[in-house]
Amino acid sequence: MSQGTNTSELAQMEAPSESINPEHGLPESFGEGFLGRLLFWVAVAFSTFQIITSFGIPLDQPFVAGLSLTHLFTAAMTAWAAWLVALAVRRRGLADGVLAWLAIAAAFGLVLWFGGSLPSQVVRALHVGFLCLVAGAMVANHRAGSSVTRAIGWLVGLAGFGVGLYHWALYNELVIRAGELTTADLVVGIAALAIIVYLVWRVMGPALPIVAGLFLSYCLFGHLLPAPLDHRGYSLDQVIEHMSFGTEGIYATPTLVSATYIFLFILFGAFMEKAGVIDFFNDISMAVFGDKQGGPGKVCVASSALMGTVSGSGVANVVASGQFTIPLMKRFGFPSAFAGGVEATSSMGGQIMPPVMGAVAFIMAETIDVPYSKIVEAAIIPAVLYFAACYLAVHLEAGKRNLRGLPKAELPNAWSELKKNWFLITPLGVLVYLLFAGYTPLFAGAVGLSLTVALILGTAIVAGLGTPALRVAFWIGLALVSAYSLASTVTLVVLVVAALSLWNAFTGRGRTTLKACVDAMADGARQALPVGLACAVVGIVIGTMTLTGLGTIVGTWMISIGKENIFAALVLTMIFSLILGMGIPTIPNYIITSSLAAPILLQLDVPLIVSHMFVFYFGIMADLTPPVALAAFAAAPMAKESGLKIGIQAIRIALPGFVIPYMAVYDPTLMLQPVPGLEGAAYWFAVVYIVLKASLAMVLWGVAAVGFFLRPLSWWERIWATLAAGFLVAAIPLTDEIGFVLSILFVGFHLWQSRRAANLAIGR
């Protein structure tokens with residue numbers, strides 16, 4: 001922040017001393033010494049490989065004067081090697097430079113093996129291979145107690161990468177003999193499953209591997225179970241071929257999405273953070289909301305909502321913004337548990353906050369084959385209601401404790417911040433436009449990432465230009481070149497970034513900026529670990545469904561319940577998702593639950609997107625639900641409070657997250673879904689009506705939960721407000737009318753009581 005409250009001082013005073021990622025329990029670093037630097041460059045190679053394959057640019061395709069990117073890459077690597085030789089002659093340190101050269105060469109070499117455009121199966125296999133290598137090395141560098149265990153960790157990671165190389169080197173042979181495994185194939189297939197399960201266990205805990213192990217056991221031994229749980233039986237060869245080869249097991253759709261959209265958007269968030277967008281969002285939030293009643297809490301809600309458009313990861317939001325917002329809320333007068341609960345609740349909302357939602361949204365779009373923009377469209381109203389409810393909870397709690405805003409003089413000026421840093425959000429604006437203009441998320445993410453890198457590099461160049469006129473000319477020129485390259489081909493976008501990188505390489509400030517960009521690439525690879533590993537191991541569950549038909553068995557049972565009472569089917573789905581979420585992250589939770597329950601809800605006439613969103617929301621709520629609430633426990637070190645107490649507060653604040661999915665099932669207009677018989681003005685009237693009704697219910701529930709409106713509420717007034725909200729939510733004839741009447745009477749009575757109390761106070 002530029003003025004007033006010093007965020008770095010607060011973070012140093014109250015943040016935990018060691019930065020640990022709560023999603024995988026490993027430090028936010030690569031380790032010390034040579035092995036740490038080696039892992040760093042492996043992570044850079046991982047990101048480089050993913051950028052090349054995600055952009056989908058054939059490296060061997062000529063684009064000007066017969067030249068291709070392969071020619072330019074060869075020339076650049078040759079010049080780089082010559083420079084390293086020159087350094088060696090001068091006896092300069094070479095270790096880091098050589099590792100960097102090898103990392104980039106390896107990443108491009110993997111792609112050039114196939115002429116510059118890799119088959120999808122190879123991309124998936126190498127993606128999982130890189131994940132295994134980075135995960136095994138991270139465990140070795142940070143958790144090894146001796147050189148032997150450190151070597152074992154690296155060997156396991158290398159073996160996992162070797163599985164990916166096996167698919168890469170023998171791709172054509174594997175396609176020709178599909179369904180007929182050799183002994184080597186069988187060994188590699190078993191190794192792939194064992195390594196991924198072992199690494200997920202070491203990195204993310206035992207819950208997800210146990211679930212995957214149970215499903216794998218069902219494939220092998222399910223024929224021994226009594227009907228109707230049994231299946232026809234499958235040999236080891238059949239199970240391994242299904243799980244470790246093809247696109248139904250660990251290389252299923254979730255891995256494809258992780259290797260494309262998700263990784264690209266994780267990198268986008270990492271580069272946006274390096275560009276200073278997070279600080280910009282915090283400053284704007286402080287400027288707009290800091291002086292309001294309960295200002296620091298409202299800043300937390302606003303900044304988390306804004307950060308959600310960049311990171312799309314709830315736990316990442318907790319860690320990133322909580323180091324500033326939680327100590328500030330505590331210092332301002334909010335209880336520790338409530339401060340942590342506000343941060344956890346608002347940060348988890350980042351996964352449902354358009355335009356860049358959590359990784360699940362990309363998996364959902366790919367799974368149900370709808371444009372990503374349709375997922376975003378369905379999430380807009382629920383996301384606004386969710387954050388409005390968080391904002392209201394802070395407002396009411398502050399009123400209850402008589403907590404006013406921060407002094408205006410201590411806050412940054414919103415207009416000044418916008419004038420100074422407005423350009424930081426231009427890549428996000430372009431990303432949003434492309435998503436809603438019908439472009440694929442992959443193209444939109446590639447463009448957004450390229451523009452962010454260009455922005456970072458351009459800022460460093462401008463800082464070295466002497467006169468304002470030159471700076472303006474540079475930005476105009478860069479904007480025109482970028483616009484032209486976007487209109488023609490993504491290849492030119494890559495060349496623009498390459499030219500800016502070359503320019504920066506010859507200035508001191510520029511080299512520092514380039515190092516920051518390389519750090520962002522490595523950070524992106526590390527941040528992708530929990531998402532990518534979860535997507536790979538949950539493929540075992542998907543493979544079991546497609547191989548054995550287990551989903552049909554569960555579906556038949558749920559349909560039999562839902563035909564009698566769809567509400568009971570919804571409650572069972574919610575409970576299953578919450579219980580599953582106690583042990584596994586949101587992504588595998590959604591994949592498993594949607595595989596079982598979402599098709600059933602669809603058969604019970606719940607719209608397609610709504611049925612998947614229902615599962616998605618409760619997967620998120622599981623991270624707030626005690627006893628295992630990952631987001632709450634992530635906030636605990638910063639709040640210096642029990643994760644269980646924070647989780648209880650988070651549930652109280654996040655109540656709309658539990659109610660909105662039910663309302664959307666009974667009235668899909670809440671998610672802007674079409675309804676038969678409703679068109680034109682009638683449809684939009686229905687949308688306005690459900691939004692107003694849901695908003696009123698959220699207000700009443702918030703008032704009842706906090707126990708304060710314009711003044712403190714008695715116990716029976718809280719029950720009154722709860723009943724009014726309950727009638728508004730219930731989808732039974734006459735409940736709306738009863739709910740509105742109870743709401744009007746409650747508000748009228750409360751206003752009368754407040755004025756009466758005020759008059760009595762004046763009379764005294």
Side-chain angles (χ1 to χ4, degrees), residues 20-27 128 131-145 149-150 152-153 155-157 159-160 163 190-222 239 243-244 249-250 252 254-255 258 313-315 359 526 528-545 550 575-593 595-596 619-620 622-634 636 643-644 647:
I20 301 292
N21 188 314
E23 289 186 292
H24 52 63
L26 293 168
V128 175
L131 287 169
C132 290
L133 178 53
V134 174
M138 285 283 288
V139 170
N141 285 2
H142 291 296
R143 292 182 181 167
T149 53
R150 186 175 297 109
I152 291 173
L155 287 174
V156 170
V163 172
I190 293 173
L193 293 174
I195 290 169
I196 195 70
V197 169
Y198 168 76
L199 289 174
V200 170
W201 189 303
R202 291 299 310 272
V203 171
M204 303 176 69
L208 189 52
I210 289 173
V211 171
L214 290 174
F215 277 84
L216 192 59
S217 299
Y218 180 76
C219 290
L220 295 169
F221 308 113
V239 173
M243 295 294 180
S244 299
I250 58 177
T255 296
S258 174
S313 170
V315 177
R526 190 181 64 242
L529 277 185
V531 176
L533 290 174
C535 285
V537 80
V538 84
I540 296 173
V541 176
I542 295 175
T544 302
M545 299 288 185
L550 178 62
I575 292 173
F576 180 73
S577 185
L578 290 175
I579 292 175
L580 198 63
M582 289 182 184
I584 65 177
T586 305
I587 293 170
N589 186 351
Y590 162 75
I591 294 170
I592 295 170
T593 310
S595 300
L596 291 168
I620 292 173
D623 278 342
L624 297 174
T625 308
V628 182
L630 182 60
F633 279 89
L644 183 61

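These numbers come from a predicted model, not from an experiment.
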Side chain to side chain contact (heavy atoms under 4.5 Å, CB included) evaluation trace for Ile210 with Trp201: CA-CA 9 Å; Ile210 289 173; Trp201 189 303; 4.1 Å; yes

Taking the side chain as every heavy atom from C-beta outward, state whether [X] and [Y] have any pair of such atoms under 4.5 Å apart.
X      : Y      : value
Leu193 : Ser244 : yes
Arg202 : Arg143 : yes
Pro254 : Ile542 : yes
Met243 : Cys219 : yes
Val537 : Ile540 : yes

Going from [atom1] on [X] to [atom2] on [Y], what distance comes out if it is rounded to the nearest 0.5 angstrom?
X      : Y      : atom1 : atom2 : result
Thr544 : Leu214 : OG1   : CG    : 10.0 Å
Leu533 : Thr255 : CG    : OG1   : 10.0 Å
Ile195 : Leu131 : CD1   : CG    : 13.0 Å

Full working for side chain to side chain contact (heavy atoms under 4.5 Å, CB included) between Val134 and Arg526: CA-CA 7 Å; Val134 174; Arg526 190 181 64 242; 5.5 Å; no

For Tyr218, side-chain hydrogen bond (donor to acceptor under 3.5 Å, both in side chains) partners two or more places apart: none

Evaluate side chain to side chain contact (heavy atoms under 4.5 Å, CB included) for Leu220 paired with Val239, printing each intermediate quantity in order. CA-CA 7 Å; Leu220 295 169; Val239 173; 3.7 Å; yes

Looking only at non-hydrogen atoms, find the nearest pair between [X] and [Y] and report the distance.
X      : Y      : result
Ala192 : Ile250 : CB-CD1, 4.0 Å
Gly160 : Cys132 : CA-CB, 3.8 Å
Ala140 : Arg150 : CB-O, 3.3 Å

Can you check side chain to side chain contact (heavy atoms under 4.5 Å, CB included) on Val203 and Val139, steps first, answer last? CA-CA 7 Å; Val203 171; Val139 170; 3.8 Å; yes

